[in-house]
A.B. asks: 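This is the structure, below, for whatever I ask next.
Letters A, B, ... are given to chains in the order of the sequence lines, protein chains preceding strands, and every chain is numbered from 1.
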Number of protein chains: 2
Amino acid sequence: MDDGAAIKKRPGGRSAQVRARVQAAVIELLADHQLEEVTIPRVAERAGVHQATLYRRWGNVAGLVDDIVAERVGELAPIPDTGTLRGDLELAAIRFAEVIAPLGGIMIRAAALATPNAESTVSFRTRASQLQAMLDRAAARGEKAPTLTELLEGITAPLYFHELFFGRPADAEHAKALVDRLLIYVEAAPDR
Amino acid sequence: MDDGAAIKKRPGGRSAQVRARVQAAVIELLADHQLEEVTIPRVAERAGVHQATLYRRWGNVAGLVDDIVAERVGELAPIPDTGTLRGDLELAAIRFAEVIAPLGGIMIRAAALATPNAESTVSFRTRASQLQAMLDRAAARGEKAPTLTELLEGITAPLYFHELFFGRPADAEHAKALVDRLLIYVEAAPDR
DNA sequence: GTGTTAAAGCAACTTTCTTCGCGTTTGGAT
DNA sequence: ATCCAAACGCGAAGAAAGTTGCTTTAACAC
């Protein structure tokens, strides 16, 4: 995983431990507090790290959350080639659901924290191009494939929505159901 | 907080004006600032209202946003009976997209601000039961209708997603496309 | 080992947010 | 017209967040 510019220089030492403790503290606080209540001083106290360190390294709460999200999205990166679109989609969807799960809505909150659009972030673009490649593979095999937008709206959006409105992540079962739904649509739809 | 009680008593008076100015200020600030930068003092200044008033009436930023969202969702309330499921869905989807539009993502941020789940809020429940009634009408007419979850995930989730990740609302055209997609799926899907 | 230096700790300081008591305005009722 | 109470305005005091210069720690290179 790409550790980010902030700790590239001394990845093995104290900095890394600080980062880990801070990330854990953020996630814990976010789990049972309103976003407004998650402040730098509180995170610092829970992590056992000095405030000034957090202000210098991450600047504000949004910075902290970004850092966490970027790392998690990075872990999500490799999309396997299972040979069929359905297989690829199911794996991608289930993995994504699993990544969202332990974060308790952080990714959503992160997106909400950032001013305008997540579309321009590196993580999003990277992810989008990976997914596009997956669709292209399917098309090359002659399978009927959805567009990237249809994929995002049919799979990603509902998974986020689940977390956002129900306060709990979708399980693997549900992720598979979404894939199924998307593929039924793609098969039935007139050419687009 | 209990906005209802607060303005029911004197709907035409100073309180109502204060509320209107405050709501406008919040929306304006949210439009071009990070969520963290939207603070009570700043809202108060822009609205030309004293800070203490905001603290007393709404408590914090989350309270302000809740108030706005609740009002907008309320306006959305009546779901017309057009006689066909498609007609109902399109109208509901377009209206919803229009409500989201001028708010520039506030509703999303509101959901993200609240601690765990929006599911338990009054606005959400109300809305959900309205939509369910709409589906029941269709079923009574003998139409193949999606489940409430399929509707939420097929229409609402993508509309939110659009705002959340692209930073701009979906237009009416797109809302209609989502309805189309959902109905194609419902027609094609084996019974569920 | 020893030296170098990025990063963390520390503490005082500034700024901003939040609360509170009290006086004033104002919409509605008598 | 007058009174009443709810809601707002005001300003000061207190609490919390955010900032900064300096010191100390410890990873890494030699």
A.B. asks: Output every pair passing side-chain hydrogen bond (donor to acceptor under 3.5 Å, both in side chains) with a member in residues 41-55 of chain A, not counting sequence neighbours, ordered by first then second residue.
C.D. replies: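 Listed once each, the pairs are A:Glu28-A:Arg46.
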A.B. asks: Write out a two-atom table: protein N or O, nucleotide N or O from nucleotides 13-17 of chain C, distance below 3.5 Å.
C.D. replies:
unit_1	atom_1	unit_2	atom_2	d
C:dC17	OP1	B:Thr39	OG1	2.8

A.B. asks: Take atom CD of B:Glu45 and atom P of D:dC10, then tell me their distance rounded to the nearest Å.
C.D. replies: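 One finds 13 Å between P of D:dC10 and CD of B:Glu45, rounded.
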A.B. asks: On the nucleotide D:dG9, are OP1 or OP2 found under 4.0 Å from the side-chain N or O atoms that B:Thr53 carries?
C.D. replies: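 Checking B:Thr53 against D:dG9: at least one side-chain N or O falls below 4.0 Å of OP1 or OP2.
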A.B. asks: My understanding is that only residues two or more places apart in sequence, or in another chain, count here; which of them pass salt bridge (charged side-chain N to carboxylate O under 4.0 Å, His left out) with A:Asp136?
C.D. replies: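 For A:Asp136 there are no salt bridge (charged side-chain N to carboxylate O under 4.0 Å, His left out) partners, ignoring immediate neighbours.
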A.B. asks: Could you tell me which residues satisfy salt bridge (charged side-chain N to carboxylate O under 4.0 Å, His left out) with A:Asp180, sequence neighbours excluded, listed by chain and number?
C.D. replies: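 Per chain and number, A:Asp180 pairs via salt bridge (charged side-chain N to carboxylate O under 4.0 Å, His left out) with A:Arg86.
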A.B. asks: Going by side-chain contact (heavy atoms from CB on, under 4.5 Å), name the residues that satisfy it together with B:Ala188, two or more places apart in sequence or in a different chain.
C.D. replies: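 Partners of B:Ala188 by the side-chain contact (heavy atoms from CB on, under 4.5 Å) criterion, ordered by chain and then number, come out as A:Ile184, A:Ala188.
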A.B. asks: Could you state the atom-to-atom distance from CZ of B:Arg19 to P of D:dA6 in whole Å?
C.D. replies: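 Rounded to whole Å, this separation is 19 Å.
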A.B. asks: Ring centroid separation for A:Tyr160 and B:Tyr160, is it under 6.0 angstrom?
C.D. replies: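 Between A:Tyr160 and B:Tyr160, the centre distance exceeds or equals 6.0 Å.
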A.B. asks: Check this for me, if you would: do B:Arg72 and B:Asp67 make a salt bridge, where the nitrogen-to-carboxylate-oxygen distance has to be below 4.0 angstrom?
C.D. replies: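 Here B:Arg72 does not pair with B:Asp67 in a salt bridge, since their nearest N and O are not under 4.0 Å apart.
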A.B. asks: Is any N or O donor-acceptor pair between the side chain of B:Arg56 and the base of D:dG9 shorter than 3.5 Å?
C.D. replies: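 Present.
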A.B. asks: In whole Å, what is the span from the CG atom of B:Leu54 to the C1' atom of C:dC20?
C.D. replies: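 Value for this atom pair: 16 Å.
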A.B. asks: Using the salt bridge (charged side-chain N to carboxylate O under 4.0 Å, His left out) criterion, which residues pair with B:Glu71? Sequence neighbours excluded.
C.D. replies: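 Only B:Arg19 meet the salt bridge (charged side-chain N to carboxylate O under 4.0 Å, His left out) criterion with B:Glu71.
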A.B. asks: What residues, two or more places apart in sequence or in another chain, satisfy side-chain hydrogen bond (donor to acceptor under 3.5 Å, both in side chains) together with B:Thr149?
C.D. replies: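 For B:Thr149, no residue satisfies side-chain hydrogen bond (donor to acceptor under 3.5 Å, both in side chains) once neighbours in sequence are set aside.
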A.B. asks: Which whole-number value in Å describes the distance from B:Arg14 CZ to D:dC8 P?
C.D. replies: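 One finds 7 Å between P of D:dC8 and CZ of B:Arg14, rounded.
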A.B. asks: What's the CD-P distance between A:Gln17 and D:dT25, to the nearest Å?
C.D. replies: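 Interatomic distance, CD of A:Gln17 to P of D:dT25: 17 Å.
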A.B. asks: Can you check the B:Leu64 CG to C:dT18 P distance for me, whole Å?
C.D. replies: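 Between P of C:dT18 and CG of B:Leu64: 11 Å.
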A.B. asks: Assuming nearest nucleotide by heavy-atom distance, tell me which of A:Ala52 and B:Val18 is located more 5' along DNA chain D.
C.D. replies: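 Mapping each residue to its closest nucleotide by heavy atoms, the 5'-most match is B:Val18.
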A.B. asks: Let me test you: for the helix from C:dG1-D:dC30 to C:dT30-D:dA1, what is the angle between the axes at its two ends (five pairs each), rounded to 10 degrees?
C.D. replies: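 Computed from the C1' atoms at both ends, the axes differ by 40°.
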A.B. asks: Check salt bridge (charged side-chain N to carboxylate O under 4.0 Å, His left out) between B:Glu187 and all other residues, then give those that pass, not counting sequence neighbours.
C.D. replies: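 Once residues adjacent in sequence are excluded, B:Glu187 has no partner under the salt bridge (charged side-chain N to carboxylate O under 4.0 Å, His left out) criterion.
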A.B. asks: What's the CH2-C1' distance between A:Trp58 and C:dA8, to the nearest Å?
C.D. replies: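 About 11 Å, once rounded to whole Å.
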A.B. asks: For a quick test of reading the model: is some side-chain N or O of B:Ser15 closer than 4.0 Å to OP1 or OP2 of D:dC8?
C.D. replies: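 Indeed, a polar side-chain atom of B:Ser15 lies that close.
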A.B. asks: Under 4.0 Å between a side-chain N or O of A:Arg57 and OP1 or OP2 of C:dA8?
C.D. replies: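 For A:Arg57, the contact criterion (side-chain N or O under 4.0 Å from OP1 or OP2 of C:dA8) is met.
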